[in-house]
Amino acid sequence: MLVRPRNTEIIHIVRTHMASFVDFHARSVNDRDAFWAEQAKLVDWNVAPKQVCDYSNPPFAKWFVGGETNLCHNAVDRHLKDRADQAALIFVSTETDQEKTYTYRDLHAEVQRMAAILRDLGVLKGDRVLIYMPMVAEAAFAMLACARLGAIHSVVFGGFASHSLATRIEDASPKVIVSADAGLRAGKCVPYKPLLDEAIKLSAHKPTNVIMVNRKLAEFTPVPGRDLDYDTERVKHMDAVVPCEWVESTHPSYTLYTSGTTGKPKGVQRDTGGYTVALAASMPYIFEGQPGGTFFCTSDIGWVVGHSYIIYGPLIGGMATILYEGLPIRPDGGIWWRLVEKYKVNVMFSAPTAIRVLKKQDPALLSKYDLSSLQALFLAGEPLDEPTAKWISEGLNGKAIIDNYWQTETGWPILSICNGVEKAPSKFGSPGKAIYGYSVKLVDDQTGEELLGANQKGVLTIEGPLPPGNLQTLWGDDDRFVKTYWKTVPGKLVYSTFDWAVRDEEGYYFILGRTDDVINVAGHRLGTREIEESISSHPNIAEVAVVGVADQLKGQVAMAFAIAKDSSGLTELAARLKLEGEVMKVVDAQLGAVARPSRVFFVTALPKTRSGKLLRRAIQAVAEGRDPGDLTTMDDPTALQQIAELIKG
Ligand code: ATP
Ligand code: MG
């Protein structure tokens, strides 16, 4: 039986039942199965689910048990009936000056070609395929082709070098790897092939084959018998017909590693049915994306945001999605807005770090293009500080700026404004309220007690079962899944996000930082993020990282590493000391002398992960003269060296 309802009808039905977001959320938690059974109708099933949620073995949740579906069918094939000639994938590279639009019909053909190549190489349901690719259309074809075959993809961010890649090859043990000769960054060629060859050498597991997309950017020597040229294989399969493999709802669709901000990255494993439903529902309720509209997510396919909102979410929702290779400021800081105008983008999704980059550009670029199609800009991945939120909101003439809080683990947002359910204002500094499906609780980390009052600071936890689309487990490591996430709150089996938060009277949450970012100064527990916020309010501070450093007298003291907006005078010691003194005064006035950093050092860059998250643990280790540990996800190593040199003094 193929259950194929029209999206719009279902949403209409749901809306007539639901009066307000509060009711909508309450029903999603209190009448969970009925709520999600309704959402399940947003997607096609080959066999309808028999049970909505099986939580008989907590914390392992199984969604839509007995159902059979396919992620690629829901993202591509089912749209052929109504929108075959509509744009599906818009590839834009400002690095190679290419723009190419694939309709749903084109995408369907390309995905089948890629699937045929993989099938010929023996890739079957459940086999792993590792994708190590720059932001090119073929990366999307490869992901969708895996989903089509029921193979499990593991996309590794193209910026990672051999060591990080090798650990992921070993963990996923892929039959096939899909890669490319090179990527480009700011016009510079980044060869992938030597890194891949080195990684395969380092890994105990060896793939049978490597499919090479040759962009002709970097010379390479194929390994005979192992490496295949994508173009050569593709032309053999121009008319390929590869049917979607119907898989159980609980069949893993992919594995993906967390950013590694706090330690060794964790291999998140996602199901098929729950994920498809969660993304399908998020399009109308959270993003207000309409079939036929355009979605522009500036993330990378190597991150969870890229999986959910460059590839699967918009396509499941029948939208066109832009896959962008390039920087936000090349050829100039107006490039993204030019694309919004050209492709009539309705929904845009980016990260605060990108907006901070744009902030250094001419603000006039924000008003140069016709942005009338744009409904909202979503930002996720790290705290959206108030000055940045205000800057972009004003620059975009009051467009909705919606902060989204989520994790690789959850696959879609935990906290957000859900304008598609009920219009609500954004509050600067807050990602909004708990989204439908999430039973969010703030708890005291010492006693495990739930904090019910407003403005009480606690650890943000989620009561099981986690909603559809969230991680099923950690790949090959159920024990680590249980121990890492579910055993940290005393006396309770709840999922910990490891983030501190407060909730105001209206149910808006404010994220205060990670639980391991708390420092203890003479018995006072302080969040490093609060100190960072305070320092950022100084007019000449662009960005800052605060860490706790061991101190004989006080236990720990705060230490700050800041980037000045105008650093022209800062080569002079006197100027540095003056600015340091001013910053300390700001903290004294806002938070009290106890939070005052012992030192404020000025740097030109801060150590971050490749996805733009501050690596406080690495800074802290270096500041305390310790080994910073696993740095495989770090972007620019010179940033940490700068700090080491300042500390040595
Ligand atoms: P690891 O778990 O390996 O240390 P990571 O937590 O950085 O890495 P991600 O899953 O990419 O890996 O990031 C999720 C985290 O990012 C959240 O737990 C939170 O700390 C932070 N975060 C994401 N979105 C927001 C947001 N809107 N506001 C504040 N913090 C956010
Ligand atoms: Mg994390």
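When a ligand or atom number is given, it counts from 1 through the structure's own listing order.
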A.B. asks: State, yes or no, whether a side-chain contact exists between Glu409 and Arg270 at a heavy-atom distance under 4.5 Å.
C.D. replies: no

A.B. asks: Got more than 12 heavy atoms from elsewhere within 6.0 Å of CZ, Arg480?
C.D. replies: yes

A.B. asks: Which one holds for Trp406 and ligand 1: side chain close, backbone close, both close, or neither close, with close meaning a heavy atom under 4.0 Å?
C.D. replies: backbone

A.B. asks: Checking ring pair (Phe, Tyr, Trp, His ring centres under 6.0 Å) between His307 and each of Tyr257, Tyr275, Tyr254, which is the one that passes?
C.D. replies: Tyr254

A.B. asks: Just jot down the ligand 1 atoms closer than 4.0 angstrom to any heavy atom of Asp499, in number order.
C.D. replies: 17 (C), 18 (O), 19 (C), 20 (O)

A.B. asks: So is there a nitrogen or oxygen of Ala380 less than 3.5 Å from a nitrogen or oxygen in ligand 1?
C.D. replies: no

A.B. asks: What part of Val304 sits under 4.0 Å from ligand 1 if we count only heavy atoms: the side chain, the backbone, both or neither?
C.D. replies: neither

A.B. asks: Check ligand 1 against Glu409 and write out every atom of the ligand that is under 4.0 Å from a heavy-atom position of the residue.
C.D. replies: 10 (O)

A.B. asks: Quick check: are there more than 12 heavy atoms from other residues, nucleotides or ligands sitting under 6.0 Å from CD of Gln375?
C.D. replies: yes

A.B. asks: Under 4.0 Å from a heavy atom of Asp403: give me the atoms of ligand 1 that qualify, with their elements.
C.D. replies: 26 (C), 27 (N)

A.B. asks: Any non-hydrogen side-chain atom of Leu379 less than 4.5 Å from a side-chain atom of Ser350?
C.D. replies: yes

A.B. asks: For ligand 1, does Gln407 get within less than 4.0 Å through its side chain, its backbone, both, or neither, judged by non-hydrogen atoms?
C.D. replies: both

A.B. asks: Mark yes when over 12 heavy atoms from residues, nucleotides or ligands other than Lys433 sit less than 6.0 Å from its NZ; otherwise mark no.
C.D. replies: yes

A.B. asks: Would you mind running through ligand 1 and noting each atom that sits below 4.0 Å from a heavy atom of Lys266?
C.D. replies: 1 (P), 2 (O), 3 (O)

A.B. asks: Quick one: look at Thr408 and ligand 1, take heavy-atom pairs under 4.0 Å, and tell me if it's side chain, backbone, both or neither.
C.D. replies: both

A.B. asks: Just go through Arg529, Glu382, Lys613 and tell me whose heavy atom is the nearest to atom 25 (C) of ligand 1.
C.D. replies: Glu382

A.B. asks: Just by distance, with hydrogens left out, do Tyr509 and Asp504 show a side-chain donor and acceptor under 3.5 Å apart?
C.D. replies: no

